[in-house]
K.L.:
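One structure is given below, represented as structure tokens, and several questions about it will come after.
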Amino acid sequence: MADHYDVQRAETRWQQRWIDEGTYQIENDDPRPPYYVLSMYPYPSGQAHQGHVRNYTFGDVLVRFRTMQGFGVLSPFGFDSFGLPAENAAIKGGAHPLEYTEARIAELKASVLRLGAVYDWRREIRSHDPEYIRFNQVIFTHLFKNDLAYRKGGLVNWCPGCQTVLANEQVESDGTCERSHDIVERRSLEQWFLRITNYADDLLDAIEDLDWPERVKTMQRNWIGRSEGARINFVVEGHSDTTIEVYTTRPDTGFGATYLVLAPEHPLVESCTTLEQTAEVDLLKTLASTESDIERQSTEGALEKRGAFTGSYAINPFNGARIPIYIADYVLASYGTGAIMAVPAEDERDFEFAKIYGLPIIETVERPPELGEGAYAGDGRHINSGFLDGLRIAEAKSRAIDWLEEKGVGTRSVQYRLRDWLISRQRYWGCPIPIVYCETDGVVAVPEDQLPILLPTDVEFLPTGESPLKKHEGFLHTTCPTCGGPARRETDTMDTFVDSSWYFLRFTDPFNSATPVNFEAARNFMPVDQYIGGITHAIMHLLYARFFTRALGDVGLSPAEITEPFSQLFCQGMIRLGGKAMSKSRGNVISPNDYFASVGADALRLFHLFVGPPIEDIDWGDQTDEIIDGCSRYLRRVWRLATDDDSTEDAVVADAKDPATETALLKKTMHQVIMKVTDDIGRYGFNTAVAECMSLTNAITRAIRTDVERPQIDEAIDVLLRLLAPMVPHLTAEAYEVRHGEHIHQQPWPIADPALAADDRVIMAAQVNGKLRDRIEVDAQITEEDAIAVGMASPLVLAALDGKTPKRIIAKPPRLVNFVC
RNA sequence: GCCCGGGUGGCGGAAUGGUAGACGCGGUGGACUCAAAAUCCACUAUCUGAAAGGGUGUGCGGGUUCGACUCCCGCCCCGGGCACCA
């Protein structure tokens with residue numbers, strides 16, 4: 001009868017119902033315990049790809065699972081809708097970024113809906129909405145007034161391809177842009193920064209307690225890069241009023257500092273350079289300033305380390321030695337003090353430099369005798385180091401710092417690799433920075449009641465990529481909010497990572513139009529219980545979001561006690577095609593829409609859940625379609641079991657098994673599977689959860705074949721449907737409705753009875769010398785003595801013993817006995 | 001160079017130190033059918049054997065243990081991250 005399951009009809013019908021009935025809408029005063037599941041909101045790039053499908057399927061399983069468990073689940077969705085692709089499309093002669101973006105959103109949203117992932121769509125956020133822009137700007141002005149946003153000139157990363165500056169985080173280690181892969185240039189420009197470095201320590205220390213993947217935590221720790229050491233002042237010979245401050249993590253090696261090196265951009269370079277050395281120094285300065293980061297950071301061979309002698313000398317405060325001052329491009333102006341004391345015996349870079357320039361090398365740490373030439377950074381007793389002699393590194397370090405502080409020539413100091421976040425972008429399609437420049441009042445934040453500053457739509461996109469805001473007279477010219485005089489608007493827009501740094505807070509109450517964050521709602525739902533997304537955001541987005549959550553609390557825009565945004569983070573594996581990450585920019589995308597049309601959303605979801613551990617990468621290969629077909633076949637089988645009493649029996653030859661035993665077996669299996677699936681879903685073990693459901697399905701089939709009573713079979717089928725409901729929502733909903741006329745996703749999650757899940761008979765392994773010789777069915781309650789007796793009675797065991805008497809017997813009833821000779 | 005992952009049948013993958021290969025894909029054989037599709041049943045690591053059984057087997061080499069895919073030491077290979085940050 002109900003043999004035919006109309007995938008398309010059922011799936012679209014249920015998707016409509018979940019929306020119409022508001023099944024997954026949640027009110028802020030919902031009485032159930034709150035649970036917040038969030039998949040990283042996407043950049044709207046058009047129809048979904050398999051990475052989206054994977055991400056949203058995982059999130060959806062959790063949303064439905066926790067709902068059935070009785071939680072009030074917050075499951076919102078939005079779009080990270082500012083960004084370069086829309087603007088680039090406009091430049092190439094396409095539609096205006098606004099139209100372009102909204103069209104892409106419509107496509108992506110359609111795919112997400114067709115997947116059957118459920119959200120409270122009333123809470124949808126789009127970064128480019130005027131309301132969201134307004135709150136972004138409110139946040140910016142608060143940060144500005146609290147000195148967390150500031151303007152600073154200096155060398156910044158410029159991407160010629162993107163026609164904008166980039167944050168440090170957006171430059172790859174090879175000096176290329178993470179978006180366009182162009183070589184990033186250095187330009188001296190004034191830009192807007194956010195003071196993330198104020199939070200460096202806090203961001204670092206709090207990592208420890210996060211339930212995040214270890215590799216993400218490590219990446220964040222490395223990125224923040226805390227190091228402890230000292231700042232030490234070196235007096236320049238002949239200029240007793242000029243000192244060069246260096247930063248070092250090895251103050252204990254001060255007696256081995258045989259020269260100083262300044263970054264070419266260091267402010268004291270000029271005054272230290274003697275007349276004779278001017279030409280050489282200038283040459284290096286020019287070279288360093290025109291070099292790309294690639295060249296400058298090249299580690300290819302020692303000769304690449306270019307340096308120049310300034311002609312001046314400094315006095316080493318440790319031993320009074322007169323040591324030369326060099327400049328070299330391997331010293332970075334932006335880290336520490338932009339100057340180092342070089343200790344060639346204990347630092348590899350200094351060693352190479354010293355070799356090339358013939359500088360003295362003084363060992364200050366005793367090294368292992370077998371070590372050849374080169375720097376030694378390991379531990380050992382100090383030598384040639386005056387009052388530090390005989391001490392090991394840790395002790396020598398703290399003594400050296402004490403001594404420096406006593407003498408007033410140095411201080412303990414902590415440094416970070418992390419730099420302030422450069423957020424201004426010279427592009428159009430982003431949130432305008434709400435600042436005006438007035439001749440009288442200088443840099444003025446636009447008052448909140450005059451926000452939002454919206455993007456003008458009557459703009460012309462130039463092929464150069466230059467922001468049209470710079471040429472838009474109507475946008476440019478304004479009046480100063482303070483004095484009313486003529487003023488010029490800031491034309492830079494914000495990095496889109498600003499938008500994504502607080503959207504999860506906004507989701508807790510996007511209906512409130514007074515403030516960015518409703519404190520009460522945020523307190524109720526934050527932090528996000530399960531945050532799901534790609535590993536690609538390990539540093540940028542996740543670090544910025546952690547920073548914003550703290551900063552917003554500090555400027556009074558969100559509850560200060562909420563410091564961490566995401567208590568648990570799950571990073572799903574990538575999808576590869578032909579060995580490469582599947583991505584739109586590579587053009588190797590397999591569209592999910594084709595699968596929706598052929599096998600349906602449930603089968604595609606089941607595939608993603610079943611194919612392997614969610615954390616691992618998957619290869620989209622020749623076999624993939626066969627596995628998806630297998631998933632589709634499995635679902636049809638579940639449908640037949642659930643809806644058709646007769647057809648299964650047709651083709652079946654009843655086995656001659658005892659129905660009573662089989663009934664007990666079915667019940668036991670059912671309770672075991674409930675336990676396993678519940679546990680698996682809770683820890684992202686979706687692949688094994690599906691496998692368990694398949695096992696239960698097999699057990700039901702067997703039960704039917706062995707004439708188990710119908711009520712027991714029906715109970716097992718209902719449990720199976722409920723266990724599958726979070727993973728395969730459409731088919732299970734349809735089947736449950738056919739069976740009971742009720743909505744499965746409003747049913748409670750099955751509860752296992754551990755007593756019924758327990759085995760009463762088990763197979764015991766009988767080993768001789770650790771080798772398996774026999775498997776014997778025994779009572780689960782078997783005693784140690786009986787287990788040994790049963791094992792000894794086995795002909796196979798006896799044969800393996802070959803007449804010998806066991807010297808030792810290890811019995812772990814009821815699983816194993818091992819006879820050791 | 002440093003730091004993380006990972007290496008298990010033909011394939012995707014299971015296994016709190018205790019029966020390696022759950023579950024699925026593929027394959028082989030069978031049932032149903034005029035036939036096919038669909039469905040159902042059985043088998044499917046490998047060598048050996050008619051079978052019962054036996055040998056081998058979780059990247060390689062050692063070790064701990066009655067017992068190791070699992071723990072320890074040393075390697076090899078693959079993937080990813082970081083890499084002049086003083």
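A quick note: this is a predicted structure, and the numbers were derived from the prediction, not measured. Within every chain, numbering begins at 1; the chains are lettered A, B, ... in the order of the sequence lines, protein sequences first and strands thereafter.
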K.L.:
At less than 4.0 Å, is any side-chain N or O atom of A:Arg808 found next to OP1 or OP2 of B:C66? Yes or no.
P.N.:
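For A:Arg808, the contact criterion (side-chain N or O under 4.0 Å from OP1 or OP2 of B:C66) is met.
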
K.L.:
Expressed in angstrom and rounded to an integer, what is the separation of A:Glu692 atom CD from B:G24 atom P?
P.N.:
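Going from A:Glu692 (CD) to B:G24 (P), I get 11 Å.
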
K.L.:
Between B:U19, B:G13, B:A86, spot the one nearest the side chain of A:Ile763, thanks.
P.N.:
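Looking only at heavy atoms from C-beta outward on A:Ile763, the closest nucleotide is B:U19.
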
K.L.:
In Watson-Crick or G-U wobble terms, both distances under 3.5 Å, what is the partner of B:G9?
P.N.:
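Here B:G9 is not engaged in any pair, so there is no nucleotide opposite it.
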
K.L.:
Out of B:C23, B:G13, B:U39, which nucleotide sits closest to the side chain of A:Pro613?
P.N.:
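Shortest atom-to-atom distance from the side chain points to B:G13.
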
K.L.:
If I take atom CZ in residue A:Arg773 and atom P in nucleotide B:G54, what distance separates them, rounded to the nearest angstrom?
P.N.:
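Rounded to the whole Å, the gap is 6 Å.
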
K.L.:
So, is A:Arg215 close to the B:C3 phosphate, meaning a side-chain N or O under 4.0 Å from OP1 or OP2?
P.N.:
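No, because none of the side-chain N or O atoms of A:Arg215 sits under 4.0 Å from OP1 or OP2 of B:C3.
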
K.L.:
With a 6.0 Å cut-off on ring centres, are A:Tyr634 and A:Phe610 close enough?
P.N.:
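Judged by ring-centre distance (under 6.0 Å), A:Tyr634 and A:Phe610 do not meet the cut-off.
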
K.L.:
Does B:G9 sit syn or anti, given that only angles within 90° of 0 count as syn?
P.N.:
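Classified syn.
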
K.L.:
Verify, without hydrogens or angle tests, whether A:Asp252 (side chain) and A:Ile393 (backbone) share a donor-acceptor contact under 3.5 angstrom.
P.N.:
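Absent.
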
K.L.:
Using Watson-Crick or G-U wobble geometry with both distances below 3.5 Å, tell me the partner of B:C84, or none.
P.N.:
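Because no pair has both required distances under 3.5 Å, B:C84 counts as unpaired.
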
K.L.:
Which of the following nucleotides, B:A15, B:G53, B:U19, is nearest to the side chain of A:Ala765?
P.N.:
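The answer is B:U19, which lies nearest to the side chain.
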
K.L.:
Just N and O in the side chain of A:Asn222: are any of them under 4.0 Å from OP1 or OP2 of B:C3?
P.N.:
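No, because none of the side-chain N or O atoms of A:Asn222 sits under 4.0 Å from OP1 or OP2 of B:C3.
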
K.L.:
Output the rounded distance in Å from CZ (A:Arg637) to C1' (B:C41).
P.N.:
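Going from A:Arg637 (CZ) to B:C41 (C1'), I get 12 Å.
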
K.L.:
Output the single nucleotide from B:C25, B:A86, B:C23 whose closest atom is nearest the side chain of A:Ser695.
P.N.:
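When the side chain of A:Ser695 is considered, B:C23 is the closest of B:C25, B:A86, B:C23.
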
K.L.:
Kindly say if A:Ser227 contacts the phosphate of B:A86, meaning a side-chain N or O under 4.0 Å from OP1 or OP2.
P.N.:
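True: A:Ser227 side-chain N/O within range (under 4.0 Å) of B:A86 OP1/OP2.
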
K.L.:
According to a strict under-4.0 Å criterion, is A:Lys771 in side-chain N/O contact with OP1 or OP2 of B:U56?
P.N.:
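It does, given that an N or O in the side chain of A:Lys771 lies less than 4.0 Å from OP1 or OP2 of B:U56.
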
K.L.:
Rounded to the Å, how far apart are A:Ile810 CD1 and B:C66 P?
P.N.:
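For the pair A:Ile810 CD1 and B:C66 P, the rounded distance is 7 Å.
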
K.L.:
Side chain of A:Leu332: nearest nucleotide among B:A86, B:C41, B:U39?
P.N.:
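The listed nucleotide nearest to A:Leu332's side chain is B:A86.
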
K.L.:
Can you tell me how far the CG atom of A:Leu203 sits from the OH atom of A:Tyr416, to the nearest 0.5 Å?
P.N.:
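It is 10.0 Å, given to the nearest 0.5 Å.
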
K.L.:
Rounded to the nearest angstrom, tell me the gap between atom CD in A:Gln623 and atom P in B:C25.
P.N.:
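So the CD-P distance, A:Gln623 to B:C25, works out to 10 Å.
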
K.L.:
In whole Å, I'd like the distance from the CD1 atom of A:Ile628 to the C1' atom of B:G12.
P.N.:
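Distance, rounded to whole Å: 12 Å.
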
K.L.:
Hey, does the side chain of A:Arg231 reach the backbone of A:Val246 with a donor-acceptor pair shorter than 3.5 angstrom?
P.N.:
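Absent.
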
K.L.:
If we call it a pair only when both distances are under 3.5 Å in a Watson-Crick or G-U wobble match, what pairs with B:U39?
P.N.:
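The answer is B:A31, by the H-bond criterion.
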
K.L.:
Could you tell me how far B:A37 sits from B:G27 if I compare only their P atoms? Round to whole Å.
P.N.:
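So the two P atoms sit 12 Å from each other.
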
K.L.:
Closer than 4.0 Å, any side-chain N/O of A:Arg640 to the OP1 or OP2 of B:A38?
P.N.:
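It does not, given that no N or O in the side chain of A:Arg640 lies less than 4.0 Å from OP1 or OP2 of B:A38.
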
K.L.:
Atom CG of A:Leu418 and atom CG of A:Leu543: how far apart are they, to the nearest 0.5 Å?
P.N.:
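Atom-to-atom, A:Leu418:CG and A:Leu543:CG are 6.0 Å apart.
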
K.L.:
For RNA chain B, whose closest nucleotide is more 5', that of A:Met341 or that of A:Ala691?
P.N.:
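Here A:Ala691 is the residue nearer the 5' end.
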
K.L.:
Please give, in whole Å, the distance from B:G5 C1' to A:Ile535 CD1?
P.N.:
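After rounding, the reported distance stands at 10 Å.
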
K.L.:
Which one is paired to B:A22, where only Watson-Crick or G-U wobble pairs with both distances under 3.5 angstrom count?
P.N.:
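Pairing partner, where one exists within any strand: none, as none qualifies.
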
K.L.:
Taking the cut-offs as 6.0 angstrom to the six-membered ring centre and 45 degrees off its axis, would you call A:Arg576 and A:Trp620 a cation-pi pair?
P.N.:
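The answer is no, since A:Arg576 fails at least one limit relative to A:Trp620.
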
K.L.:
Just the rounded figure in Å: distance from P of B:G6 to CD1 of A:Ile615.
P.N.:
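Answer to the nearest Å: 9 Å.
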
K.L.:
Under 4.0 Å between a side-chain N/O of A:Arg417 and OP1 or OP2 of B:C82, yes or no?
P.N.:
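So the side chain of A:Arg417 is outside the cut-off, no N or O lying under 4.0 Å from OP1 or OP2 of B:C82.
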
K.L.:
For B:A86, does either OP1 or OP2 sit under 4.0 Å from a side-chain N or O belonging to A:Tyr335?
P.N.:
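Indeed, a polar side-chain atom of A:Tyr335 lies that close.
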
K.L.:
Check whether any side-chain nitrogen or oxygen of A:Arg636 sits under 4.0 Å from OP1 or OP2 of B:U39, and answer yes or no.
P.N.:
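Checking A:Arg636 against B:U39: at least one side-chain N or O falls below 4.0 Å of OP1 or OP2.
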
K.L.:
As a test of reading the structure: which of B:A42, B:C23, B:C25 is closest to the side chain of A:Arg705, going by heavy atoms?
P.N.:
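Between B:A42, B:C23, B:C25, the one nearest the side chain of A:Arg705 would be B:A42.
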
K.L.:
Between A:Asn818 and A:Asp617, just flag the one whose closest nucleotide in RNA chain B comes earlier from the 5' side.
P.N.:
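In this pair, the answer is A:Asp617.
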
K.L.:
Counting heavy atoms not belonging to A:Lys668, are there more than 12 under 6.0 Å from its NZ?
P.N.:
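It does: A:Lys668 NZ has more than 12 such atoms within range.
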
K.L.:
Nearest to the side chain of A:Tyr330, heavy atoms from C-beta on, is which of B:U19, B:C84, B:C23?
P.N.:
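Among B:U19, B:C84, B:C23, the one nearest the side chain of A:Tyr330 is B:C84.
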
